[in-house]
Asks: 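Before I ask anything, here is the structure I am working with.
Numbered from 1 within each chain, the chains take letters A, B, ... in sequence-line order.
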Protein chains: 2
Amino acid sequence: MTPAADLDATLSALADPTRRGVVELLSTRPRRAGELAAAFSVSPPAMSRHLRVLRTRGLVEEARGGDDARVRMYRLRREPFDALRQWIEEVEAFWGDPLGASRDPAERRR
Amino acid sequence: MTPAADLDATLSALADPTRRGVVELLSTRPRRAGELAAAFSVSPPAMSRHLRVLRTRGLVEEARGGDDARVRMYRLRREPFDALRQWIEEVEAFWGDPLGASRDPAERRR
DNA sequence: CCAATGATTAACTGATAGGTTAAATAAATA
DNA sequence: TATTTATTTAACCTATCAGTTAATCATTGG
C-alpha cells in the first residue's frame with residue numbers, strides 16, 4: 001500500500017480550495033505561476049506558496065520555461081493522483097466493488 | 001461535476017491521518033465509537049469530534065446499534081468516495097487516460 | 001549599467017483545527 | 001432510584017495555515 005505519509009501529503013495539499021483549483025487548471029495544460037495567481041485573484045506570494053506546497057508534495061513539477069528564464073511553468077505529476085485513486089478503490093472494496101463495476105452512481109449507495 | 005463544496009468537505013475530512021485511519025478501519029466493518037478511540041489511542045472526546053466531522057461531511061453515518069442503545073455504530077457511506085474518485089479521474093484525463101487504461105503503474109508517468 | 005518584469009522569501013496577523021480535562025447527557029442494570 | 005457505562009459537549013490551549021505587504025533574487029531589454 002502507498003505509504004501513509006504520501007497520502008497525507010497529497011490529501012492535505014488537495015484540501016485547500018485554491019490548490020485544488022490550481023490542479024484543475026493544470027489538468028487542462030501547464031501554466032505560468034503568474035497566470036495561476038491571476039486566475040484565483042490571490043497575491044503572487046500566496047500563489048507562490050501554494051505552488052511550493054504542491055511541488056514539495058509531488059503533485060506538480062516546475063519546468064523553467066524555455067525562452068524566458070524568469071517564467072516558471074508548472075505541470076501536473078501523475079503519481080500522487082494514481083496513489084490516491086488506488087487508496088480510494090481499496091476503501092471502496094468495502095462495498096464489494098469488482099474494481100470498475102458500479103461506476104454507475106445509480107447503484108446501491110451503502 | 002461534483003459541487004466544489006462537497007469535494008472540499010470530503011478532502012478536508014480525509015486530510016487528517018486519524019480520520020483516514022478511521023475510514024480504513026471502517027472499510028473492514030462498522031465499529032463502535034469507543035472501539036475507534038481505543039484503536040488510535042486518542043481520548044474519547046477527540047474521537048467523538050473526528051466522527052462528527054466525518055458524519056457531518058457525509059463520509060460515515062451513525063447507526064445506533066440494535067440491542068444496546070448506548071452504543072453507536074459508525075459505517076462508511078459510499079457517495080463521497082465515488083465523487084472523489086470521479087474528480088481524480090477527471091484530473092487524470094490530462095494524461096489521456098481512456099478511463100481504466102494505465103491502471104498499470106508501469107506506464108509512463110507524466 | 002539600470003529599469004522593469006516574474007517570482008520567491010521574510011515577517012507579521014487572524015482564523016481554524018486538533019488535543020486535553022472536566023462536566024453533561026443517555027441508557028442499561030443492580 | 002442510584003450506579004455504571006458509552007459518548008458527547010464545553011472550555012481552553014497551542015500549533016499550523018493562508019493571506020497580506022515589503023524586501024530580495026534573477027533575468028531581460030533599453
Asks: Check A/L26 against B/F94 and note the closest heavy-atom contact, atom names and distance.
Replies: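 Shortest heavy-atom separation between A/L26 and B/F94 comes out as O-CE1, 3.7 Å.
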Asks: Is A/L7 reachable from A/V53 through a run of hydrophobic residues whose side-chain heavy atoms are each under 4.5 Å from the next?
Replies: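 No, it is not one cluster - the side chains of A/V53 and A/L7 are not joined through contacts under 4.5 Å.
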Asks: Decide, yes or no, whether a salt bridge links A/E89 with B/R85 under the criterion of side-chain N to carboxylate O below 4.0 Å.
Replies: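 Salt bridge: no.
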Asks: Please report, rounded to the nearest Å, how far the P atom of D/dA18 is from the CG atom of A/L14.
Replies: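 Rounded to the whole Å, the gap is 12 Å.
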Asks: Return the value, rounded to whole Å, for the distance between atom CZ of A/R31 and atom C1' of C/dG6.
Replies: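 Value for this atom pair: 18 Å.
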Asks: What one-letter contact string describes nucleotides 16-21 of chain C from 5' to 3', where B marks a base within less than 4.0 Å of any protein heavy atom, S marks contact via sugar-phosphate atoms alone, and - marks no contact?
Replies: --BBBB
Asks: For the residue pair A/F40 and A/V22, what are the closest heavy atoms and their distance?
Replies: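 Shortest heavy-atom separation between A/F40 and A/V22 comes out as CZ-N, 3.5 Å.
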Asks: If I take atom CZ in residue A/R52 and atom C1' in nucleotide C/dA7, what distance separates them, rounded to the nearest angstrom?
Replies: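 Those two atoms, CZ and C1', are 12 Å apart.
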Asks: Find the distance A/F40:CZ to C/dA7:C1' and express it as a whole number of Å.
Replies: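 My rounded result for the distance is 18 Å.
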Asks: Rounded to whole angstroms, how far apart are CG on B/L51 and P on D/dT7?
Replies: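 Taking atom P of D/dT7 as the reference, CG of B/L51 is at 10 Å.
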Asks: In whole angstrom, give the distance that lies between atom CE of B/M73 and atom P of D/dT8.
Replies: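 In whole Å, D/dT8 P lies 13 Å from B/M73 CE.
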Asks: Can you tell me how far C1' of C/dA7 sits from CD of A/E35, to the nearest Å?
Replies: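 Checked: the CD to C1' distance equals 14 Å.
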Asks: Please tell me if B/Y74 has a side-chain N or O lying less than 4.0 Å from either OP1 or OP2 of D/dT8.
Replies: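 For D/dT8, OP1/OP2 do have a side-chain N/O of B/Y74 under 4.0 Å.
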Asks: So if I apply the salt bridge (charged side-chain N to carboxylate O under 4.0 Å, His left out) rule between A/E62 and each of A/R31, A/R55, A/R77, A/R32, which one comes out positive?
Replies: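 By the salt bridge (charged side-chain N to carboxylate O under 4.0 Å, His left out) criterion, A/E62 pairs with just one of A/R31, A/R55, A/R77, A/R32: A/R55.
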Asks: Roughly how many Å is it from CG in A/D68 to C1' in D/dA26, rounded to a whole number?
Replies: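 Those two atoms, CG and C1', are 10 Å apart.
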Asks: Taking all atoms of both residues into account, what is the closest heavy-atom pair of B/P80 and B/G58, and its distance?
Replies: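 Nearest pair, atom of B/P80 first, then B/G58: CG-O, 3.2 Å.
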Asks: What I want to check is whether an N or O donor and acceptor connect the side chain of A/R70 with the base of D/dT28 at under 3.5 Å.
Replies: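 Result: no qualifying N/O pair found.
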